[in-house]
A.B. asks: 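Pasting a structure below so you can have a look.
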Amino acid sequence: MRYAPAAGRPCRLVVLISGTGSNLAALLDACTDPAYGATVVAVGADRESAGGLKLASDAGVATFVDRVKEYPTRDAWDLALTEHVAEHGPDLVISAGFLKLVGPVFLDRFEGRYINTHNTLLPAFPGMDGPREALEYGVKITGATLFFVDAGMDSGPILAQAAVPVHQDDDVETLTERIKVAERAQLVECVGRLARDGWTLSGRRVTIP
Ligand code: GRF
């Protein structure tokens, strides 16, 4: 399936977050350059405490929060999240530290244009505790993976990967921070290319022209 770049206007991004939003901050910064080709039209979170919400509102970007607990079922949450994202008419939806698996309604609407950044080299160490597991396993290289989200956990088609060395004296914090530096750069570079050039998804193969 081919996704063409938006003609004559910046690519509309909706960014989903749960945490401090350092990846979001990097995207907001990149979007201040018109040549980047994208604009963040809304930021959504699954919790009021997500620090990135303030970054967004300070930048004049619309925000919304959908807490799972506010809905009677997970499917009802999934539907509400889908509608809130869709209201902003995104070309591309980015999970930047969004700590929730979306459901079938969301994927039906956005699969193929919903990407996530993960802080290991997938398929090794998926899930919430990747850097800790990589460190405990003793790998010497880990990194960051940008991928299209599918129905599995961190299992979708891979867009880009950046390798990060594990140092002998690393603890989880130092390794996580080193990965985040590479992760942010990769996210900004790759989202810009997707925005400007579009992309093609063919099974697990992703091509950016
Ligand atoms: C990223 O490292 C992501 O891979 C992980 O959470 C982090 C989000 O950080 N799932 P931030 O909120 O963008 O600072």
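Numbering of residues begins at 1 and proceeds along the displayed sequence. Order of listing sets the numbers, starting from 1, for every ligand and every atom in it.
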A.B. asks: Taking all atoms of both residues into account, what is the closest heavy-atom pair of Pro131 and Leu175, and its distance?
C.D. replies: O-CD2, 3.8 Å
A.B. asks: Which pairs, with at least one residue in residues 1-60 and sequence neighbours excluded, count as a ring-ring contact (aromatic ring centres under 6.0 Å, His included)?
C.D. replies: Tyr3-Trp199
A.B. asks: So which residues, sorted by chain and number, lie with a heavy atom under 4.0 Å of ligand 1?
C.D. replies: Gly19, Thr20, Gly21, Ser22, Asn23, Gly97, Thr117, His118, Asn119, Lys180, Glu183
A.B. asks: Inspect the contact between Lys100 and Asp66 and indicate whether a charged nitrogen and a carboxylate oxygen are less than 4.0 angstrom apart.
C.D. replies: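 Salt bridge between Asp66 and Lys100, a charged N being under 4.0 Å from a carboxylate O: no.
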A.B. asks: To the nearest 0.5 Å, what is the distance between CD1 on Ile94 and CG on Leu16?
C.D. replies: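 The CG atom of Leu16 is 9.0 Å from CD1 of Ile94, to the nearest 0.5 Å.
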A.B. asks: For residues Ser18 and Leu99, report the shortest heavy-atom separation together with the two atoms involved.
C.D. replies: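 The answer is OG-N, 2.7 Å.
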A.B. asks: On the 0 to 90° scale, with breaks at 30° and 60°, tag the Phe64-His88 ring pair as parallel, tilted or perpendicular.
C.D. replies: parallel
